[in-house]
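Worksheet for the structure shown next.
Quick caveat, the model's predicted, so the values are computed rather than measured. Proteins get letters first, then strands, A, B, ... in listed order; numbering begins at 1 in each.
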Number of protein chains: 2
Amino acid sequence: MPLKIGELARLAGCQVVTIRYYEKEGLLPPPERTDSNYRLYGDAAVERLHFIRRCRLHGMNLAEIRDLLAFKDNPSVSCAWINDLVDKHIADVERQIASLQHLKMHLEALRHACAGDHREGCGIIDTLDHGSPCTCCEEEHCCLNDGQGPFSLRRSSGKTTSAQQK
Amino acid sequence: MPLKIGELARLAGCQVVTIRYYEKEGLLPPPERTDSNYRLYGDAAVERLHFIRRCRLHGMNLAEIRDLLAFKDNPSVSCAWINDLVDKHIADVERQIASLQHLKMHLEALRHACAGDHREGCGIIDTLDHGSPCTCCEEEHCCLNDGQGPFSLRRSSGKTTSAQQK
DNA sequence: GTTGACTCTATAGTCGCTATAGGCACTACG
DNA sequence: CGTAGTGCCTATAGCGACTATAGAGTCAAC
């Protein structure tokens with residue numbers, strides 16, 4: 001028996017809007033509709049959405065997932081590129097871990113710059129003002145010196161707490 | 001001798017547009033202008049921009065930097081909240097590292113599912129289809145089972161309220 | 001018949017930039 | 001003097017993967 005979008009969302013552990021978004025992006029085919037224009041999904045859609053969500057949880061982006069789905073639908077070439085894709089992701093994740101470990105070191109150095117509870121002369125502000133007292137990486141390739149950043153500066157790192165209750 | 005925006009950008013290791021963006025966002029004050037409407041920056045702006053960039057390299061977002069600048073400009077309260085802020089970032093980074101290490105494990109399990117160079121029966125696709133063969137975390141709290149994700153799949157909603165509350 | 005949960009479409013916002021378009025200012029060269 | 005090349009100006013749109021909001025229709029239960 002076909003599912004409405006809310007039921008599908010619950011099954012897949014995602015939001016209703018996310019499913020509509022995937023449809024708009026061409027990852028999910030346009031489903032049947034009821035007389036009152038509600039979307040109706042069958043088993044195939046459930047599996048496809050699960051596949052997509054698992055890919056997302058493995059860090060794949062939507063373009064990569066599109067390619068994986070296309071291959072799944074019609075494996076016209078060898079799957080070797082999928083191995084390469086996963087290898088690339090592993091390398092990427094390793095890079096990110098290394099960057100974050102480096103960043104953590106800097107943050108801890110920063111943290112130790114102030115024991116504080118005062119208005120003037122906060123050691124953290126001073127350090128941010130004049131450069132790191134940490135000598136771990138005076139080298140050019142250090143994230144704080146080479147303009148590259150510990151991780152892409154485009155990524156917001158403020159993701160926290162409020163993200164997903166319910 | 002005042003600097004033009006391009007010179008300032010070179011000094012700070014960022015893009016010209018980024019400086020204009022910071023101005024629009026209120027992190028940098030509107031500078032003087034030449035007769036031909038070019039921005040002119042003095043030493044104070046150089047230092048302020050360096051401060052901002054160092055904060056960014058430490059993973060702070062613009063809202064947090066705004067708060068830090070406000071404190072720097074006028075330290076009307078104790079700096080204790082800055083320590084808390086840095087602690088929060090350290091905890092955050094640790095969480096991200098743990099998540100990524102977990103993700104890496106999953107990706108490696110995925111990678112081992114296929115040695116492949118074939119069209120049908122790619123082990124990676126199968127795994128993404130039917131779930132992980134990895135037994136490391138059958139538990140509910142595993143990122144691949146609990147809908148939480150190895151890192152937040154909802155990046156944008158991590159928006160915390162302004163850092164310097166209280 | 002009214003509430004409340006669910007669904008629909010459409011649009012805008014998130015974050016920290018990046019890219020593009022169209023035009024003005026300045027310098028160097030011929 | 002004209003022109004080429006660079007830099008600067010404003011304004012607007014785009015990125016990725018959603019999230020949030022508005023306004024309206026649908027449906028089951030009371």
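- With hydrogens and angles disregarded, a donor-acceptor distance shorter than 3.5 Å links the side chain of Arg66(A) to the backbone of Glu25(A).
- Between Arg66(A) and dA17(D) there is no side-chain N or O to OP1 or OP2 distance below 4.0 Å.
- Protein atom NZ of Lys4(B) is 6 Å distant from nucleotide atom P of dC8(D), rounded to whole Å.
- Rounded to whole angstrom, the span from the CZ atom of Arg20(B) across to the C1' atom of dC8(D) amounts to 7 Å.
- Nucleic acid contact for Glu25(A): none, since no nucleic acid atom lies under 4.0 Å from a heavy atom of the residue.
- Applying the 4.0 Å criterion to OP1 and OP2 of dG16(C), one finds that Thr18(B) has every side-chain N and O outside that range.
- Side-chain atoms of Arg111(B) come within 3.5 Å of backbone N or O of Cys114(B) as a donor-acceptor pair.
- Here the nucleotide nearest the side chain of Arg33(B), chosen from dC8(D), dT10(D), dG16(C), is dT10(D).
- Between Lys72(A) and Glu47(A), none of the side-chain N atoms (NZ, or NE/NH1/NH2) sits under 4.0 Å from a carboxylate O, so this pair counts as no salt bridge.
- Projected onto DNA chain D by closest heavy-atom contact, Tyr21(A) and Asn37(B) fall at different nucleotides, the more 5' of which corresponds to Asn37(B).
- Distances shown here put every side-chain N or O of Tyr22(B) at or beyond 4.0 Å from the OP1 or OP2 atom of dG16(C).
- The backbone N or O of Arg54(A) sits less than 3.5 Å from a side-chain atom of His58(A), completing a donor-acceptor pair.
- Checking the phosphate oxygens (OP1, OP2) of dT9(C), a side-chain nitrogen or oxygen of Arg39(A) falls inside 4.0 Å.
- When each of Lys24(A) and Asp35(A) is assigned the nucleotide of DNA chain D with its nearest heavy atom, Lys24(A) is the one assigned upstream, toward the 5' end.
- Atoms CG (Leu40(A)) and P (dC27(D)) sit 11 Å apart, rounded to a whole Å.
- Dashed line: the shortest gap from a side-chain N or O of Ser36(A) to OP1 or OP2 of dC27(D) is under 4.0 Å.
- Between the His106(B) side chain and the His102(B) main chain, no donor and acceptor come within less than 3.5 Å of each other.
- Here Tyr38(B) does not reach the OP1 or OP2 of dC26(C): none of its side-chain N or O atoms lies under 4.0 Å away.
- Rounded to whole Å, atom P of dG7(D) lies 14 Å from atom CD1 of Ile19(B).
- For the pair Glu23(B) CD and dC8(D) P, the computed distance is 14 Å after rounding to whole Å.
- Remark: Arg53(A) is in phosphate contact with dC18(D), judged by side-chain N or O atoms under 4.0 Å from OP1 or OP2.
- In this structure, Ile5(A) atom CD1 and dG25(D) atom C1' are separated by 16 Å, rounded to whole Å.
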Only pairs under 3.5 Å count here: list side-chain donor-acceptor contacts from residues 26-37 of chain A, not counting sequence neighbours, and write none if there are none.
from	atom 1	to	atom 2	distance (Å)
Arg33(A)	NH1	Asn37(A)	O	3.0
Thr34(A)	OG1	Ser36(A)	N	3.2
Thr34(A)	OG1	Ser36(A)	OG	3.1
Thr34(A)	OG1	Asn37(A)	N	3.3
Thr34(A)	OG1	Tyr38(A)	N	3.0

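- Heavy-atom neighbours of Asp43(A) CG from other residues, nucleotides or ligands within 6.0 Å: at or below the threshold of 12.
- Between its two ends, the helix from dG1(C)-dC30(D) to dG30(C)-dC1(D) turns its axis by 20°, counting five pairs per end and rounding to 10 degrees.
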Next on the checklist: Please evaluate residues Asp73(B) and Arg48(B) with respect to the criterion side-chain contact (heavy atoms from CB on, under 4.5 Å), reporting the C-alpha separation (whole Å), side-chain torsions for both, the decisive distance (0.1 Å), and the verdict.
Outcome noted: CA-CA 10 Å; Asp73(B) 290 342; Arg48(B) 199 172 177 89; 3.2 Å; yes
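- Neither OP1 nor OP2 of dA5(C) sits under 4.0 Å from any side-chain N or O of Arg10(A).
- One finds a side-chain N or O of Arg56(A) lying less than 4.0 angstrom from the OP1 or OP2 phosphate oxygen of dC18(D).
- Rounded to a whole Å, the CD atom of Glu7(B) is 12 Å from the P atom of dT27(C).
- Across the protein-nucleic acid pair, Leu62(A) atom CG and dG14(D) atom C1' stand 16 Å apart, rounded to whole Å.
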